[in-house]
Amino acid sequence: MSAALAPVGPLPDRVVRDPVLLAFADQVGGQDAGPVAVQGGRTQWNLGGTADPAARLIRAPSGVVAFEPAEMTVQVRAGTTLDELDAVLAPAGQRVALQGLPAEATVGGVLSVGLSGPMRLGHGPIRDTLLQARYVSAEGLLVTAGGPTVKNVTGFDLCRVLVGSYGTLGLLAEVTLRTRPRPQASVWLAGRADPADLFDRLYRPVSMLWNGAEVWLYLEGYPDDVAAQAALAESAGLSLVPGPPRFPAGRRSVPPATLRHVRLDPAHQGHFVAEMGVGVVHGEWPGASPAAADTAVVALNRQIKQLFDPYGRLNPGRDPMSVPTTRTGQP
Ligand SMILES: Cc1cc2nc3c(=O)[nH]c(=O)nc-3n(C[C@H](O)[C@H](O)[C@H](O)COP(=O)(O)OP(=O)(O)OC[C@H]3O[C@@H](n4cnc5c(N)ncnc54)[C@H](O)[C@@H]3O)c2cc1C
């Protein structure tokens, strides 16, 4: 299997000459420069394992490089906070699908952690937001992955490997993100209702969460459309609330259809929050053994790490596999 995969290096036509990015690559240094880790806003600093204290801490450069409202893309340095990015996009009525996060969270940190958040049903997984990444490899080289336009992928899609890798495969320097229209209206509602029935009656809800008893619904779009959908939800027993529930610790993935057909013992209500239509379950999913990573996936991850960073110098102490999401069957 390993013979089919070769170490990844920059293509000749993708050499980066931006002095800011080159200075960042210099900070990372070559393969003999020892362990190194990038810190963003430190809002999820301990997720994925404790950082090795021997690692040199550096920060990615910050700032918005180019915003193309007509193309709906933005090129931004990885150390930029989401608030700074939003301030540039908002006047054009756009934003990126990275909402509801702490003000100090950075673009690089959010992508490296790779959690999609409760809007995944409507906004898609966070990896779909990333079009192009410029990262520093374990050899200290600037590498470009993906392309700056929406239809860009040929060959290996390295951007998808980088999202959720906790900085263990490459240190993000700059990325190009897909932007989205800013909704003119949005609303959260909650109440006791049958989630499958409500799901079928609504037109493309952006988020629907369920804890076995109560449903939370997020709608966004044009004011008339949101009002019409909200009225439908209210007729099913929901009413306006300020926001979503807090997610309990622990996360696993089940086939989305499981959530439609499951019959729960009332004792399990409130011990989990499930993302309807997505299949991610936060907390304790009844009947499932504790989440454990699939051994084949773990082996593949080790192999990828070995190819990207044979020296073990990028973000040592972090292991994406220690934050497992497993697929499970019916409870
Ligand atoms: C819509 C949405 C909702 C979310 N909701 C939740 C939630 O409810 N609960 C939750 O726990 N999380 C959630 N997340 C994830 C969370 O927001 C991010 O993980 C967090 O804000 C990380 O940002 P940070 O800059 O603080 O990273 P840090 O805490 O500084 O770093 C996190 C990790 O990323 C690495 N890293 C940072 N910058 C870089 C870089 N440039 N290159 C490589 N690696 C880097 C660090 O070394 C570290 O391992 C959500 C994310 C999204 C998009």
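Note that ligands are numbered from 1 as they come in the structure, with each ligand's atoms numbered from 1 the same way.
- Taking a 4.0 Å cut-off on heavy atoms, Arg318 registers as neighbouring ligand 1.
- Ligand 1 has no N or O atom lying under 3.5 Å from any N or O atom of Ala37, backbone or side chain.
- Contact annotation for Val113 and ligand 1: only side-chain heavy atoms (C-beta onward) come within less than 4.0 Å of the ligand.
- For atom 12 (N) of ligand 1, the nearest protein heavy atom (residue, atom name, distance) is Gln44 NE2, 2.8 Å.
- A distance-only check finds no donor-acceptor pair linking the side chain of Ser112 to the backbone of Gly164 [under 3.5 Å].
- Gly114 approaches Val163 most closely through the heavy-atom pair CA-CG1, 3.9 Å.
- Close contacts of ligand 1 with Gly117, meaning ligand atoms under 4.0 Å from a residue heavy atom, involve 1 (C), 2 (C), 3 (C), 4 (C).
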Between Val215 and Arg192, does the side chain to side chain contact (heavy atoms under 4.5 Å, CB included) criterion hold? Intermediate values first, please. CA-CA 6 Å; Val215 171; Arg192 288 185 173 256; over 6 Å; no
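- Glu139 and Tyr311 share a side-chain donor-acceptor pair at under 3.5 Å.
- The CG atom of Asp128 sits 8.5 Å away from the CZ atom of Arg120 when rounded to the nearest 0.5 Å.
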For a side-chain hydrogen bond (donor to acceptor under 3.5 Å, both in side chains) check, start with the C-alpha distance between His268 and Glu284, then their side-chain angles and the critical distance, and finish with the verdict. CA-CA 8 Å; His268 296 304; Glu284 295 170 26; over 6 Å; no
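- At a heavy-atom distance under 4.0 Å, only backbone atoms of Ser116 (N, CA, C or O) approach ligand 1.
- Taking atom 23 (O) of ligand 1 as the reference point, the nearest protein heavy-atom neighbour is Thr43 OG1, 3.4 Å.
- Near Gly167, meaning under 4.0 Å from one of its heavy atoms, ligand 1 places the atoms 43 (C), 44 (N).
- Within ligand 1, the atoms closer than 4.0 Å to a non-hydrogen atom of Ala78 are 41 (N), numbered from 1 in the order shown.
- Separation of atoms CG (Asp18) and CD (Glu174) is listed at 6.0 Å; rounding is to 0.5 Å.
- For the 3.5 Å distance criterion, the side chains of Ser186 and Glu220 fail to qualify, holding no donor opposite an acceptor.
- For Leu101, every heavy-atom contact with ligand 1 shorter than 4.0 Å involves the side chain, none the backbone.
- Under the 4.0 angstrom criterion, atom 3 (C) of ligand 1 counts as having a protein heavy-atom contact.
- Looking only at protein heavy atoms, the nearest one to atom 28 (P) of ligand 1 is Arg42 N, 3.5 Å.
- For atom 25 (O) of ligand 1, the nearest non-hydrogen atom from the set Leu172, Val110, Thr106 belongs to Thr106.
- For atom 51 (C) of ligand 1, the nearest non-hydrogen atom of the protein is Leu115 O, 3.2 Å.
- Protein heavy atom closest to atom 36 (N) of ligand 1, with residue, atom name and distance, is Val38 O, 3.7 Å.
- Interface atoms of ligand 1 facing Asn315, defined by a heavy-atom separation under 4.0 Å, are 46 (C), 47 (O), 49 (O).
- Among all non-hydrogen protein atoms, the one lying nearest atom 43 (C) of ligand 1 is Ser112 OG, 3.2 Å.
- The heavy atom nearest to atom 8 (O) of ligand 1, out of those in Tyr166, Trp45, Phe247, is found in Phe247.
- Panel note: side chain Asp309, backbone Leu314; a donor-acceptor pair is recorded below 3.5 Å.
- Applying the 6.0 Å contact sphere to CG of Asp224 captures no more than 12 heavy atoms from other residues, nucleotides or ligands.
- Distances below 4.0 Å separate heavy atoms of Gly40 from the following atoms of ligand 1: 25 (O), 30 (O), 37 (C).
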Residue pair Asp32, Arg313: steps toward the salt bridge (Lys or Arg N to Asp or Glu O under 4.0 Å) verdict: CA-CA 9 Å; Asp32 300 324; Arg313 62 181 299 250; over 6 Å; no
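- The protein reaches atom 20 (C) of ligand 1 closely, with a heavy atom under 4.0 angstrom from it.
- Between the side chain of Asn315 and the main chain of Tyr166, a donor-acceptor pair closer than 3.5 Å is present.
- Remark: minimum distance from atom 37 (C) of ligand 1 to any protein heavy atom is reached at Gly109 CA, 3.5 Å.
- Listed by number with element, the atoms of ligand 1 under 4.0 angstrom from any heavy atom of Leu171 are 42 (N), 43 (C).
- In this structure, a donor-acceptor pair under 3.5 Å is absent between the side chains of Ser62 and Arg77.
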